[in-house]
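Every heavy atom of this structure was used, including side-chain atoms; hydrogens, water molecules and symmetry mates were not. Residue numbers begin at 1 in each chain, while the letters A, B, ... track the order of the sequences.
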Amino acid sequence: MSERYNPREIEASWQAFWEQEGLFHAREDDSRPKYYVLEMFPYPSGRIHMGHVRNYTLGDVVARYKRALGFNVLHPMGWDAFGLPAENAARDQKTHPATWTYANIATMRAELKRMGLSLDWSREIATCHPGYYKHEQKLFLDFLKAGLVYRKESFVNWDPVDHTVLANEQVIEGRGWRSGALVERRKLSQWFLRITAFSDDLLAALNGLERWPERVRLMQENWINRSEGLRVTFDLDARDETIEIFTTRHDTLFGASFLALSPNHPFAEKLAAKDAALASFIAECNRLGTSEAAIEHAEKKGYDTELKVRHPLMPGRLLPLYVANFVLMDYGTGAIFGCPAHDQRDLDFARKYKLDVIPVVAPPGSDPSAVTIGDEAYVGEGVHINSGFIDGTSVADGKERVAAKLEGERRAKREVLFRLRDWGVSRQRYWGCPIPIVHCGACGIVPVAETDLPVILPEDVSFDRPGNPLDHHPRWKHVACPSCGKPATRETDTFDTFVDSSWYFARFCSPRADQPVVQSAVDYWLPVDQYIGGIEHAILHLLYSRFFTRAMRLTGHVKLDEPFDGLFTQGMVCHESYQSEDGKWLYPEDVTKRDDGSAVQTETGRPVKVGRREVMSKSKKNVVAPSVIIDGYGADTARLFMLSDSPPERDLDWSDAGVKGAWRYLGSLWRMVALPAVALPPPGTVIVDGLDPRLNEVRRLVHRTIVGVTGDLDRFHFNRAVARVRELTNGLLEMPIDAAGARSVLREGLEIVTRLIGPMTPHIAESLWRMLGHSESLALVPWPKADEALVAAESVTLAVQVNGKLRATIMLPKTHDKKDAEDAAIASAQVQRAIEGRPIKRVIIVPGKIVNVVV
RNA sequence: GCGGCCGUGGCGGAACUGGUAGACGCGCUAGCCUCAGGAGCUAGUGGGGGCAACCCCGUGGAGGUUCAAGUCCUCUCGGCCGCACCA
């Protein structure tokens with residue numbers, strides 16, 4: 001070992017050692033409890049970014065910690081390798097998506113290896129590899145047989161200039177990102193997975209996910225959104241037709257002042273065929289694209305069809321029928337009734353089109369005859385007014401009576417509705433898993449035979465033309481029908497990449513098997529004990545994976561419902577952004593900060609506009625490349641910084657100073673062990689009784705730190721774990737080193753520091769362990785246990801307050817009663833002065849904590 | 001627009017179930033040392049006042065509950081994440 005801390009040298013050598021020894025290869029072993037740690041696998045975009053470094057550092061700490069606790073740990077890595085960026089690269093750089101993707105994987109694999117992660121690389125998978133997607137196709141066919149797959153028409157964003165389907169992120173303010181053309185909604189026949197078959201279960205089972213963050217469960221609950229309501233039929237006036245609406249506020253029916261159809265409602269489309277103005281209104285709505293955010297955020301607009309509907313409870317009353325841009329076709333029946341007084345959107349709409357606003361719920365305690373609605377709808381509880389036979393009832397009672405009456409008249413039906421929609425998985429793209437289906441003129445839709453899987457993507461494709469390359473490939477799609485043998489065509493859509501990531505955690509259990517999963521392997525390893533990834537996946541990816549696991553259970557692949565027993569969602573990595581005078585984004589490495597806080601371009605010296613801290617993104621160039629940090633400081637410094645500055649669930653501000661702090665700490669730790677001020681006794685030296693009290697305090701600190709760090713790691717409080725280890729290090733630096741027995745206490749302390757930081761900074765810890773005279777790898781050393789006798793303190797400090805303000809602290813033996821505490825508190829001189837002779841009214845005592853004297 | 005989360009010194013943050021606010025680190029200040037290094041060591045560091053012991057004010061803002069509030073409640077302001085074809 002060198003005398004200087006040289007991460008470049010030791011990190012490479014320990015990584016080689018771990019790999020040589022195969023220390024992180026996972027094997028099924030019933031003699032030990034298993035622990036499956038998984039971080040969300042990366043999209044191979046080119047280089048790893050700081051978000052990856054953070055994610056994989058967190059996971060690696062857990063993996064190494066659990067190993068030290070005696071668990072048989074599975075910690076695999078792979079690539080979420082299909083996706084749009086590869087096709088964009090193919091267009092822009094003329095490289096084939098596969099070439100681009102595999103090159104990126106090679107680069108990123110090398111970068112990850114330099115982080116010293118305790119991964120089982122023998123299980124590496126890439127979703128774009130036929131060895132993976134073959135099994136995805138098999139799962140799809142199984143789901144099809146089980147009735148979980150169907151086809152239906154649904155909307156896509158259509159770029160009329162590029163003749164291409166656009167992803168939502170490719171639609172910017174209603175226009176295609178490349179062509180700038182106004183986007184249209186266009187209907188296509190697409191494949192859907194019946195996630196709604198599990199709506200109730202996906203919702204109910206959230207309660208059992210005790211090791212998931214509460215907020216993620218809440219978000220999923222709101223996303224699935226079960227609501228009990230009423231489907232009501234309205235008759236059109238002077239036409240023999242009806243409109244069905246869905247509502248959860250049928251108690252407010254008496255306040256209805258209009259009906260509104262979604263622009264994509266079949267009846268709206270039917271009317272538009274004979275109404276050019278309506279057709280153009282619908283076309284305008286369709287230009288909002290398909291994203292719900294865009295639709296709901298847009299100014300509320302409607303088109304008056306001039307048709308009227310009859311109110312089901314007040315036969316004489318006629319309501320106007322509108323087509324409105326804020327009504328979603330995908331939810332309920334695609335039609336609503338508007339009650340402006342008690343729904344904000346309806347109110348905005350009514351004010352704009354000068355419709356009636358009839359209050360029908362009076363807030364509790366208000367004067368029913370004087371209820372008026374201004375700019376805000378009243379959505380709370382209350383008593384019904386202006387509501388015929390339900391006047392005077394509560395919201396719940398009113399609902400019940402209206403439902404009963406309309407059901408009795410067969411004008412309505414109670415219904416439970418979920419906001420959750422079935423999952424459209426068709427993508428009109430090349431770089432995805434082919435959907436194993438053949439379309440035959442005679443037989444219709446025919447699944448590809450399982451013996452013919454995988455349906456492999458053709459390699460000879462060109463991206464010169466817009467649209468899906470699979471569709472205009474000269475030969476690929478032309479095949480014989482698997483059923484009748486006549487000429488037929490392949491499905492040219494590929495899967496949504498969320499399909500790929502919905503079962504990869506199961507594939508890791510048996511990554512080379514020639515079926516999707518091997519029963520014994522998934523039985524042993526699943527569920528994932530700790531899943532770690534970004535909060536941005538809180539809903540879709542996690543919900544789809546939960547669905548997939550259920551679907552795989554139904555089709556006999558696994559025996560469980562919930563794939564992730566524990567979930568941790570990390571925050572993002574942020575950095576300031578920089579712009580030159582002409583508005584161009586600049587990389588942090590090209591900017592120099594001056595002492596006065598201003599910033600200039602390093603090369604030209606021209607001024608730079610410093611933006612706020614925000615999530616690191618390529619588009620704003622506010623990124624710091626992990627490779628630069630690892631080259632300069634080593635992986636352990638990068639890892640330590642990732643863990644020490646912020647709690648992992650919160651966003652992390654990248655700071656060069658913080659990195660330097662981590663680097664300096666590791667340097668001083670190295671010196672403490674490599675260049676000790678005193679010679680240490682050999683390993684295993686027993687610490688004798690009757691130590692100097694100051695040394696006993698040091699030992700107490702050592703053992704309290706074991707307890708503290710253990711608890712911190714269990715609870716993902718990695719930043720506090722780091723703080724505690726540093727406190728211990730400070731304590732060891734200050735200990736009275738000449739006292740009798742001090743050297744064996746120092747040895748104990750240094751060994752504990754080394755073992756506690758092992759999961760966080762594994763390379764330096766291995767080196768320190770070796771320098772401390774041990775020959776086995778630290779990766780094999782069990783987690784330290786604290787000496788409980790030393791952890792328990794003999795005396796405690798109590799805070800003493802007078803009228804809630806801290807005035808003194810007192811030391812008492814650990815075993816004191818309320819009387820002792822009160823006497824000691826009142827006896828204190830500071831307390832006497834604060835009381836100023838006033839009479840004591842009350843004394844509150846929490847033993848071991850606080851005494852509050854109230855005067 | 002809807003749903004969810006977060007706001008504590010100059011900065012990142014600590015404070016388990018309401019009980020000593022600011023642990024640990026960064027930065028800064030002063031001093032020391034030196035084979036001048038991406039060093040190291042010592043002391044100080046929330047704001048205001050005082051020679052001092054000590055006092056007053058302080059957890060985005062405004063109210064409230066309580067002996068006691070960063071923590072609980074109501075309102076409000078600011079930021080972030082998701083919204084179904086980015087991954």
Completion exercise
Quick note, A:Arg650 side chain, CB onward, closest among B:U20, B:C2, B:G13 is B:G13
Practice task
Tell me which nucleotide among B:G40, B:G3, B:G25 gets nearest to the side chain of A:Arg726.
Solution key: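 Closest nucleotide to the A:Arg726 side chain: B:G25.
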Figure out the [atom1]/[atom2] separation between [X] and [N], and round it to whole Å.
| X | N | atom1 | atom2 | answer |
| --- | --- | --- | --- | --- |
| A:Leu675 | B:A39 | CG | P | 18 Å |
| A:Phe641 | B:G27 | CZ | P | 12 Å |
| A:Lys805 | B:C56 | NZ | C1' | 8 Å |
| A:Leu806 | B:G58 | CG | P | 16 Å |
| A:Ile844 | B:G18 | CD1 | C1' | 13 Å |
| A:Met642 | B:G12 | CE | P | 17 Å |
| A:Ile840 | B:C67 | CD1 | C1' | 13 Å |
| A:Leu701 | B:C24 | CG | P | 11 Å |

Under 4.0 Å, counting only non-hydrogen atoms across every strand here, what does [X] touch: a base, just sugar-phosphate, or nothing?
| X | result |
| --- | --- |
| A:Arg724 | nothing |
| A:Asn730 | sugar-phosphate |
| A:Glu727 | sugar-phosphate |
| A:Asn803 | nothing |

Measuring only the [atom1] atom in each nucleotide, how far is [N] from [M]? A whole number of Å is fine.
| N | M | atom1 | result |
| --- | --- | --- | --- |
| B:G3 | B:U20 | C1' | 40 Å |
| B:A62 | B:G7 | C1' | 16 Å |
| B:G79 | B:C24 | C1' | 26 Å |
| B:G47 | B:A36 | P | 37 Å |
| B:G58 | B:G63 | P | 11 Å |
| B:C35 | B:C28 | P | 25 Å |
| B:U45 | B:C26 | C1' | 13 Å |
| B:C33 | B:C80 | C1' | 47 Å |

Side-chain N or O of [X] less than 4.0 angstrom from OP1 or OP2 on [N]?
| X | N | answer |
| --- | --- | --- |
| A:Arg842 | B:C67 | yes |
| A:Arg833 | B:A53 | no |
| A:Arg664 | B:G27 | yes |
| A:Asn222 | B:G4 | yes |

Answer yes or no: is there an ion pair linking [X] with [Y], defined by an N-O contact shorter than 4.0 Å?
| X | Y | result |
| --- | --- | --- |
| A:Arg178 | A:Asp92 | yes |
| A:Glu727 | A:Arg724 | no |
| A:Arg215 | A:Glu221 | no |
| A:Asp493 | A:Arg427 | no |

Side chains of [X] and [Y], donor plus acceptor under 3.5 Å:
| X | Y | answer |
| --- | --- | --- |
| A:Asn168 | A:Thr290 | yes |
| A:Ser227 | A:Tyr331 | yes |
| A:Gln190 | A:Ser154 | yes |
| A:Glu39 | A:Asn55 | no |

Fill in the blank from the handout: A correct 5'-to-3' footprint of nucleotides 81-87 of chain B, with B, S and - meaning base, sugar-phosphate only and no protein heavy atom under 4.0 Å, is SSBBBBB
Scan every strand shown for a Watson-Crick or G-U wobble partner of [N], both distances under 3.5 Å, and answer none if you come up empty.
| N | answer |
| --- | --- |
| B:G1 | B:C83 |
| B:U29 | B:A43 |
| B:A53 | none |
| B:A62 | B:U74 |
| B:G18 | none |
| B:G38 | none |

Handout entry: Residue met sooner reading RNA chain B from 5', once A:His297 and A:Ser644 are mapped to nucleotides
Key = A:His297
Exercise for the section: Specify the residue among A:Arg345 and A:Ser646 whose closest nucleotide of RNA chain B lies further upstream toward the 5′ end. Expected result: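 Final value for this comparison: A:Arg345.
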Problem - Chi-angle category of B:G64 [syn within 90° of 0, anti beyond] - result: anti
Handout entry: Separation of A:Phe548 CZ from A:Ile195 CD1 (nearest 0.5 Å)
Key = 10.5 Å
Practice task
Apply side-chain contact (heavy atoms from CB on, under 4.5 Å) to A:Asn264 and list each qualifying residue two or more places apart in sequence or on a separate chain.
Solution key: A:Phe155, A:Arg185, A:Ser262, A:Glu269, A:Asn286, A:Met329
